[in-house]
Novice: 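Please find one structure pasted underneath; my questions will follow.
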Number of protein chains: 2
Amino acid sequence: MATIYDIAKEAGVSIATVSKVINQTGRISDKTRQHVMEVMKRLNYQPSVVASALTKKRTYTIGLLVPDLANPFFAEIARSVEDRAHELGYNLVICNTDNDLNKEERYTNLLRQKSADGIILATGVRSSASLKKLLQQKQAIAVIARDMPALAVDTVLVDDFLGGYLAASHLLELGHRHIAVISEDLEVMSSRDRVRGYRQALEEADVPFEEKWVRVSAFQLQDGKETAGRLLDEPDRPTAIFACNDLLAIGAIQAARERGLAVPRDLSVVGFDNTVLAGIIDPPLTTIAQPIQEMGRQVVNLISQEINGEKNAKQRVVLVPELVVRESTGQWGA
Amino acid sequence: MATIYDIAKEAGVSIATVSKVINQTGRISDKTRQHVMEVMKRLNYQPSVVASALTKKRTYTIGLLVPDLANPFFAEIARSVEDRAHELGYNLVICNTDNDLNKEERYTNLLRQKSADGIILATGVRSSASLKKLLQQKQAIAVIARDMPALAVDTVLVDDFLGGYLAASHLLELGHRHIAVISEDLEVMSSRDRVRGYRQALEEADVPFEEKWVRVSAFQLQDGKETAGRLLDEPDRPTAIFACNDLLAIGAIQAARERGLAVPRDLSVVGFDNTVLAGIIDPPLTTIAQPIQEMGRQVVNLISQEINGEKNAKQRVVLVPELVVRESTGQWGA
DNA sequence: ATGAAAGCGCTAACAG
DNA sequence: CTGTTAGCGCTTTCAT
């Protein structure tokens, strides 16, 4: 591989000059610039990012921590983040944490050793302690699809409260009065907000909120299926279920099917996220759409500003979720 | 951030000594080793991978080129590759190529500039020209889930011929005689092999192979749906469809449904890949499973050996696909 | 407008 | 067993 020295020698100039034409800094005569560029092309020269990182302290690399790429929601997040990152000249290092605190810490350490310019978190981060440490180290950090309200950190997310509200309102309008919620984890802010939104909608409609309709489940399809199953087996079963993500919603649909309940005739189901899955299953899933593209775009914008020191204060971008009506919900009693 | 100099000074030794304890090279007395390690811990020192990469020529980074992370098959591939890479001490840089030759080239150039230790290709690579160039540059390369038979390159894939054979045999056993295939792209080796396997099964069963049953489609769900729709609208419609990936298969199921055909009663469908989707849709999809976990594991092993120069010859690992029978296929005429 | 030279943080002979 | 020193490839003053 050609180095800057090879170019300098071949072009009959100093390496400083070559460096300047590469980075478009300093003042270089048009003539030498042309000439140097011609030589670089001819020798197929590509500046070493590693060497330049050593001096400039920039690697043009961003780390992305997700719980699990095999989960379509996070895969779509990763895709949109990568798209924007690439546009801005960054590469993306992907890390699967399985929501495991140790793994999170190992990855963030690794990323630091590799001088990643920034880290985007889509992962659980149960304890904000480790996040705090990162921020103190002046790591550029941004959070997507998670809320860390106690921390001053750039964040992009959807209005979860509104999302829950929209879901419940939709079901109420369809005449449902027994609406259960399957939530991921009430420790996590976004889940809690979704439930709060649901509750608000109920109260506005003068439908009493009952604790027994709120169930917590792990986040996999199977968990949703079991939780929904338990709900449906009770004598006073719900006529509608609002699941806090699409996977859980699909689990609910499967649980219904196993019990001979038709969706939406006997049970309406609404999900959250609007992943590809929502359009694929049968019946197509009514769900609350997160604008994943836009979210990815915005986190990368935020962290890029952070990296470039173009920001004074941390920002919190709250995007608006939308109800996407498909075929898993229907009029109750129709 | 503490540097090796800080540690050396604090520990009262030379940087060479510190370097040696970090890398466990040379001979260091137990006493100084302990001491140095204690100091490193105390100052929370983490060696800069960037600096060490500049001298050692290793970044512990591997690039992974996939067409699209939002496609579950590739997301699962990425997940399994990342798992193994991480175990072996590598980070993964993910690049979405959309099967676009320009993007592929841009990414591979970037990865070279960043001195990625190796590149794993799960992407189309239509022209083997660019691949050849990479190999000449002595880039460590490995290919997963794609066949480049003309090139000496480490490869991990499934026996596509056998996969096609298994799929068709299954349908034949169920009594089907009019079996259509929806293939992704006959230019691509793996698709071609799947069709060849299908053909072989037919011939062994004395069922005449007919060109008209072989249809080419783009690889998205929608494309599968349209192609399947066209097949089903013909007067002499197939009773079974073998789709060369799960997405296409799901499209076929949807096309059937739209036409009031029940799966599997009126139409049997078998897919390929066994992505999460296969278990999620209704009816659950009979499909040919690729051992994605194992494939990811093996490519990373291969490229790691390549990087470490532990290999003399290129290898081609062919794994065995398996028929997973679910509910989208059934006895014809039953 | 161009170049000489001092680093960036670490590794790897080589000396002692 | 430990330290000195010369790079790795590039950026950045500071002279000229």
Side-chain angles (χ1 to χ4, degrees), chain A residues 1-37 39-40 43-61 89 109-117 137 308, chain B residues 1-37 39-40 43-61 89 109-117 137 308:
Chain A
M1 283 242 326
T3 74
I4 200 171
Y5 289 95
D6 302 326
I7 304 302
K9 184 178 300 175
E10 180 74 16
V13 297
S14 76
I15 60 166
T17 303
V18 177
S19 175
K20 279 167 196 153
V21 350
I22 294 170
N23 301 291
Q24 320 204 48
T25 57
R27 345 182 32 70
I28 298 290
S29 77
D30 243 38
K31 186 153 150 284
T32 42
R33 181 199 316 290
Q34 298 300 331
H35 180 216
V36 170
M37 302 218 323
V39 173
M40 295 199 300
L43 301 199
N44 187 25
Y45 168 69
Q46 320 236 175
S48 154
V49 175
V50 172
S52 106
L54 190 56
T55 45
K56 278 205 313 198
K57 266 75 181 65
R58 294 285 231 94
T59 55
Y60 298 96
T61 298
N109 278 336
L110 264 173
L111 290 169
R112 190 158 82 104
Q113 288 193 35
K114 296 205 175 173
S115 311
D117 296 338
Q137 289 169 184
N308 296 318
Chain B
M1 282 239 330
T3 75
I4 199 172
Y5 288 97
D6 303 326
I7 304 301
K9 184 179 300 175
E10 180 74 15
V13 298
S14 75
I15 59 166
T17 302
V18 177
S19 175
K20 279 168 194 152
V21 351
I22 294 170
N23 301 291
Q24 321 205 45
T25 58
R27 344 182 31 71
I28 298 289
S29 77
D30 244 37
K31 186 154 149 282
T32 41
R33 181 199 315 291
Q34 298 301 332
H35 181 216
V36 170
M37 301 217 325
V39 173
M40 296 199 300
L43 301 199
N44 187 26
Y45 168 69
Q46 321 238 173
S48 155
V49 176
V50 172
S52 108
L54 191 55
T55 46
K56 279 206 312 198
K57 266 75 183 65
R58 293 286 231 94
T59 55
Y60 299 95
T61 298
N109 278 336
L110 264 173
L111 289 169
R112 190 159 80 104
Q113 287 193 37
K114 296 206 175 172
S115 311
D117 297 337
Q137 290 168 183
N308 295 318

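Computed from a predicted model, the values in this text were never measured in an experiment. Each chain gets a letter, A, B and so on, in the order its sequence line appears, and its residues count up from 1.
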Novice: Look at the side-chain N and O atoms of A:S14 and state whether any lies under 4.0 Å from the OP1 or OP2 oxygen of C:dG3.
Specialist: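 So the side chain of A:S14 is within the cut-off, an N or O lying under 4.0 Å from OP1 or OP2 of C:dG3.
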
Novice: If you compare all heavy atoms of A:I28 against all heavy atoms of A:R33, which two are closest, and at what distance to 0.1 Å?
Specialist: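 Shortest heavy-atom contact: O-NH2, 3.4 Å.
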
Novice: Any side-chain N or O of B:S19 under 4.0 Å from OP1/OP2 of C:dT11?
Specialist: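 It does, given that an N or O in the side chain of B:S19 lies less than 4.0 Å from OP1 or OP2 of C:dT11.
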
Novice: Among C:dA13, D:dG9, D:dC1, which nucleotide has an atom closest to any side-chain atom of B:A16?
Specialist: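 Looking only at heavy atoms from C-beta outward on B:A16, the closest nucleotide is C:dA13.
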
Novice: Ignoring the backbone of B:I28, work out which of C:dC10, D:dG9, D:dT2 is nearest its side chain.
Specialist: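 From the listed options, D:dT2 comes nearest.
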
Novice: Between atom NZ in A:K57 and atom P in D:dT11, what is the gap in whole Å?
Specialist: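 Between P of D:dT11 and NZ of A:K57: 14 Å.
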
Novice: Consider the side chain of A:L54, meaning its heavy atoms from C-beta on, and name the nucleotide among D:dG7, C:dC8, C:dA1 that approaches it most closely.
Specialist: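 Looking only at heavy atoms from C-beta outward on A:L54, the closest nucleotide is C:dC8.
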
Novice: Looking across every strand, which nucleic acid part, if any, lies under 4.0 Å from B:I22 by heavy atom: base, sugar-phosphate, or nothing?
Specialist: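 Contact class for B:I22: none.
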
Novice: For A:T32, which contact category applies under a 4.0 Å heavy-atom criterion: base, sugar-phosphate, or nothing?
Specialist: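 A:T32: backbone/sugar contact only, no base atoms under 4.0 Å.
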
Novice: Can you figure out which of D:dC10, C:dT2, D:dC1 approaches the side chain of A:S29 most closely?
Specialist: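 Closest nucleotide among those given: C:dT2.
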
Novice: Taking any heavy-atom pair under 4.0 Å as a contact, classify B:V18: base, sugar-phosphate, or nothing.
Specialist: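 Contact class for B:V18: none.
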
Novice: With a 3.5 Å cut-off and just heavy-atom distances, do the side chain of B:Y5 and the base of C:dC10 make a donor-acceptor pair?
Specialist: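 It does, because a donor-acceptor pair links the side chain of B:Y5 to the base of C:dC10 below 3.5 Å.
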
Novice: Could you grab the distance from atom CE of B:M37 to atom OH of B:Y45, nearest 0.5 Å is fine?
Specialist: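 The CE atom of B:M37 sits 13.5 Å away from the OH atom of B:Y45.
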
Novice: Nearest to the side chain of A:N23, heavy atoms from C-beta on, is which of C:dA13, D:dC8, D:dT11?
Specialist: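 Closest nucleotide to the A:N23 side chain: D:dT11.
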
